[in-house]
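Hydrogens, waters and symmetry mates are skipped; everything else that's a heavy atom, side chains included, is used. Each chain gets a letter, A, B and so on, in the order the sequences are listed, and its residues count up from 1.
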Number of protein chains: 2
Amino acid sequence: MKAVTMADVARHANVSKSTVSQYVNNRFDYMSEETKKRIEQTIIELDYRPNILARSLKQKSTTTIGVIVANILHTFSTQIIRTIEDECNEAGFHVMVCNADDDPEKEKKYIEMLRAKQVDGIIILPTGNNIALYEEMVKSKYPVVFVDRTVPNMKIPSVMLDNERAAGLAVEHLLQNGYERIGIITNVVKNVTPRVERINGYKNALVNNDVSVNEDYIKNLEVTQVAQGLQEMLLLQPPPQAILAGNDLVLIEVLKHIKRKEIQIPSELAVIGIDEVSFSEFYEPPLTIVEQPTIEIGKKAAELLLKIITDKESVPEEEIYRFEPVLNIRESSKRIQS
Amino acid sequence: MKAVTMADVARHANVSKSTVSQYVNNRFDYMSEETKKRIEQTIIELDYRPNILARSLKQKSTTTIGVIVANILHTFSTQIIRTIEDECNEAGFHVMVCNADDDPEKEKKYIEMLRAKQVDGIIILPTGNNIALYEEMVKSKYPVVFVDRTVPNMKIPSVMLDNERAAGLAVEHLLQNGYERIGIITNVVKNVTPRVERINGYKNALVNNDVSVNEDYIKNLEVTQVAQGLQEMLLLQPPPQAILAGNDLVLIEVLKHIKRKEIQIPSELAVIGIDEVSFSEFYEPPLTIVEQPTIEIGKKAAELLLKIITDKESVPEEEIYRFEPVLNIRESSKRIQS
DNA sequence: CTGTTAGCGCCTTCAC
DNA sequence: GTGAAGGCGCTAACAG
């Protein structure tokens, strides 16, 4: 690894560094065809490749953004990442993906690392537990966009699902199909904002339809506790007739339990989930799902961040962008037999 | 964004830049307690954060590696990414994740970008269609490790599944359970090496058990063509009694078709897949799966690359590290009724 | 059209 | 114990 530099190219081609620099940056407005050819030739010959680091140091821009996801194992995260990458690539930006594992400490470490690496901005699916850090970024006008969750009173643009509506859609659909005793299980660890909002949406939908809220039908559990929590709920008198799974991980746990106990869907228990899953169509029975428009969410987040980066002044304050969920009706919530 | 530099800190603390540098790098062997405190104080006061770019430029190491995955939407990729990240973090390295979308052009772009950004090495799930580029990297001794696939005659260490054995395990299991007419569907686009090896493993297992190979039972299809291909296969006389899905995406398509046609598993058609899926346990019937040890594969890849980077000389040549698949027997391949 | 001259922010001898 | 000086590879005026 010899490391050919611009100076080497300049020397071999008998020109100065700046001429080479011009060439590399496609600024040959005033360059003779001949030197152009000569430089081109030399570059190939020496297998010269520019050092972006040096360029970035000079230009104070890395054309790179960071993305910190809560947990990369979630389908939601991957889809978001993929969209963000596509969007950024089009704009000539690169993406550094980091996985915080729902750990505020890791999140902090990554934010600091990314800033030290001079990335031009960061998209975060925040843990919510680094308030001071977030505030510091706002104060120093560092470009940041939140996705999936938000933090109250933080002047950081956030793009997220209309969670209340997502839960509301599910509940209303169930009510319309004759289910009145509806349980909801959410995941404590993840999705702080979403969880609260989804439960609110659930409650509001019930109240608006004159159905009383039974707190026993609401559970926030660790993924590992879902099965047991569901079991307890089903032993209540009367038990819920339908269950709303707060996200894909909960849904999977719910279905595992249903399988073990050989519960019939929907006759013994209707099921509906938030977050589309790969098997919803061919599961028996097919699963009714409230889907997030992940592509649009990711796209919006990228657009927002790039705009803030490019156009430093036009910083949108504390705006929250909400995206509409989509209800995919299948058979796991079919009209109740009465 | 003022951008506090080391010089600023030095000035405010009344010391020279180099002293600050020493401090930042924990080299206070010969530093007075007092200046130490003073520098510490100033750093906090000014909210100074070192510019890693400048440091990397000088040190010729970014302590960052790149990972280029074929397609980030695959569970396999995400799990690999996650493990690599964990492993690298422990070693103080950062990770840049890129998504090639099975497109050699994108792959090329990313390899060049990552090298320009001076990452210390790259882990690639290669498309296989950039031979010249790969060779160039070998020639210039750039640290690279392949995962999932390999490229013949390329002196690049590769860590992958024992694909022959994976398919072999599946076939033998089916044979043992009384299935003789076994079909296999793989995915053309993805997994060049794996596909070939899996089909070989499939054929060998049949031959070794004195079952003749029927080429009509072997299909390489685009994901979108899987349903139709399966349909055609099932119309053969005689039709296969069991189907081996070459990866998770194929399995999902197969199951969709099975659902549409209301085919009974395993009585009408046994099913077995390569790559564990979230729903294998609670699908009805539970699905027999040949699982890849993704964690170990990712871990090995990271270890290898870090070793090559750290210990430039000890470059392992053309080694292929194979990992054993695990057969998770469930009910979709239950003994045939005779 | 091309070369000269300064840095970007940090690290690293080598004097003092 | 600390400071001065040079340089990593590249860019950007400004001359010529």
Side-chain angles (χ1 to χ4, degrees), chain A residues 1-40 42-43 46-64 112-120, chain B residues 1-40 42-43 46-64 112-120:
Chain A
M1 290 180 88
K2 48 237 155 171
V4 181
T5 82
M6 195 172 253
D8 298 326
V9 178
R11 192 164 347 101
H12 281 251
N14 264 319
V15 293
S16 80
K17 283 197 302 176
S18 44
T19 310
V20 180
S21 175
Q22 311 249 55
Y23 176 87
V24 176
N25 294 291
N26 296 309
R27 303 276 316 125
F28 11 59
D29 302 10
Y30 299 102
M31 197 177 298
S32 72
E33 265 310 308
E34 206 212 306
T35 47
K36 196 164 138 186
K37 287 269 176 251
R38 196 140 36 90
I39 294 175
E40 191 178 354
T42 318
I43 286 181
L46 268 49
D47 189 30
Y48 163 70
R49 36 185 93 252
N51 182 331
I52 294 193
L53 242 48
R55 190 214 309 260
S56 300
L57 177 59
K58 182 74 189 180
Q59 294 189 158
K60 289 153 167 321
S61 157
T62 51
T63 56
T64 300
E112 282 167 356
M113 184 273 275
L114 288 170
R115 295 191 66 181
K117 273 190 176 288
Q118 314 298 110
V119 303
D120 297 340
Chain B
M1 289 182 90
K2 49 241 155 169
V4 182
T5 83
M6 197 172 248
D8 297 326
V9 178
R11 191 161 350 100
H12 281 251
N14 265 319
V15 293
S16 82
K17 284 195 302 175
S18 44
T19 310
V20 180
S21 174
Q22 310 250 52
Y23 175 88
V24 177
N25 294 293
N26 296 310
R27 303 274 316 125
F28 10 58
D29 302 9
Y30 296 102
M31 196 178 300
S32 70
E33 263 309 307
E34 208 212 304
T35 48
K36 197 164 138 186
K37 286 269 176 250
R38 199 141 35 90
I39 294 175
E40 191 179 355
T42 318
I43 286 182
L46 267 49
D47 188 30
Y48 164 70
R49 35 185 94 251
N51 181 331
I52 294 193
L53 242 47
R55 187 209 312 245
S56 300
L57 178 59
K58 183 75 190 178
Q59 294 186 158
K60 289 153 167 322
S61 157
T62 51
T63 57
T64 300
E112 282 167 355
M113 183 274 276
L114 287 170
R115 295 191 67 181
K117 273 188 177 289
Q118 315 296 111
V119 302
D120 298 339

Using the salt bridge (charged side-chain N to carboxylate O under 4.0 Å, His left out) rule, take B:R115 and B:E112 through it: C-alpha gap first, then chi angles, then the decisive distance, then the call. CA-CA 5 Å; B:R115 295 191 67 181; B:E112 282 167 355; over 6 Å; no
Does A:T5 put a side-chain nitrogen or oxygen below 4.0 Å from OP1 or OP2 of D:dC8? no
Contact under 4.0 Å: B:K60 side-chain N or O vs C:dC11 OP1/OP2: no
Counting only side-chain N and O atoms of A:S21, is one of them less than 4.0 Å from OP1 or OP2 of D:dC10? no
Between CG of A:L46 and C1' of D:dG9 the distance, given in whole Å, is 15 Å
Using only side-chain N and O atoms of A:K36, determine if any of them is under 4.0 Å from OP1 or OP2 of C:dC1. no
What integer distance in Å separates B:L53:CG from C:dC11:C1'? 15 Å
Taken to the nearest whole Å, NZ/B:K37 to C1'/D:dT2 is 19 Å
Using a cut-off of 4.0 Å on non-hydrogen atoms, how would the nucleic acid contact of B:M6 be classed: base, sugar-phosphate, or nothing? sugar-phosphate
Would you indicate which nucleotide in D:dG3, D:dG9, C:dT2 comes nearest to any side-chain atom of A:A54? D:dG9
CD of A:E34 versus C1' of C:dT2: gap in Å, rounded? 13 Å
Under 4.0 angstrom between B:Q118 side-chain N/O and D:dG9 OP1 or OP2: no
To check you understand the geometry: which heavy-atom pair defines the closest contact between A:T5 and A:Y48, and what is its length? C-CE1, 3.6 Å
Measuring only between side-chain heavy atoms, which start at C-beta, is A:T62 closer than 4.5 Å to A:K117? no
Any heavy-atom pair between the side chains of A:I43 and A:Y23 that's under 4.5 Å? yes
Nearest 0.5 angstrom please: B:T63 OG1 to A:M113 CE, how far? 8.5 Å
Just the rounded figure in Å: distance from C1' of D:dT11 to CD of A:Q59. 7 Å
Side chains of B:T64 and B:Q118: closer than 4.5 Å at any heavy-atom pair? no
Figure out the CG/P separation between A:L57 and D:dG7, and round it to whole Å. 17 Å
Regarding A:S56, tell me which of base, sugar-phosphate or nothing describes its non-hydrogen contacts under 4.0 Å with the strands shown. nothing
Does A:Y48 have a side-chain nitrogen or oxygen under 4.0 Å from the phosphate oxygens OP1 or OP2 of D:dC10? yes
Let me know the distance between CD of B:E33 and P of D:dT2, rounded to the nearest Å. 11 Å
Is the distance from OP1 or OP2 of D:dT11 to the nearest side-chain N or O of A:N25 less than 4.0 Å? yes
Would one find a side-chain N or O of B:S16 under 4.0 angstrom from OP1 or OP2 of D:dG3? yes
With heavy atoms under 4.0 Å as the rule, sort A:N14 into base, sugar-phosphate or nothing. sugar-phosphate
Ignoring hydrogens and angles, are the base of D:dG3 and the side chain of B:S18 linked by a donor-acceptor pair under 3.5 Å? yes
What is the distance from CZ of A:R55 to P of C:dG9, rounded to the nearest Å? 18 Å
Categorize A:K17 for me: base, sugar-phosphate, or nothing, with a 4.0 angstrom heavy-atom threshold over every strand shown. base
Toward the 5' end of DNA chain D, by each residue's nearest nucleotide, B:T19 or B:K58: B:T19
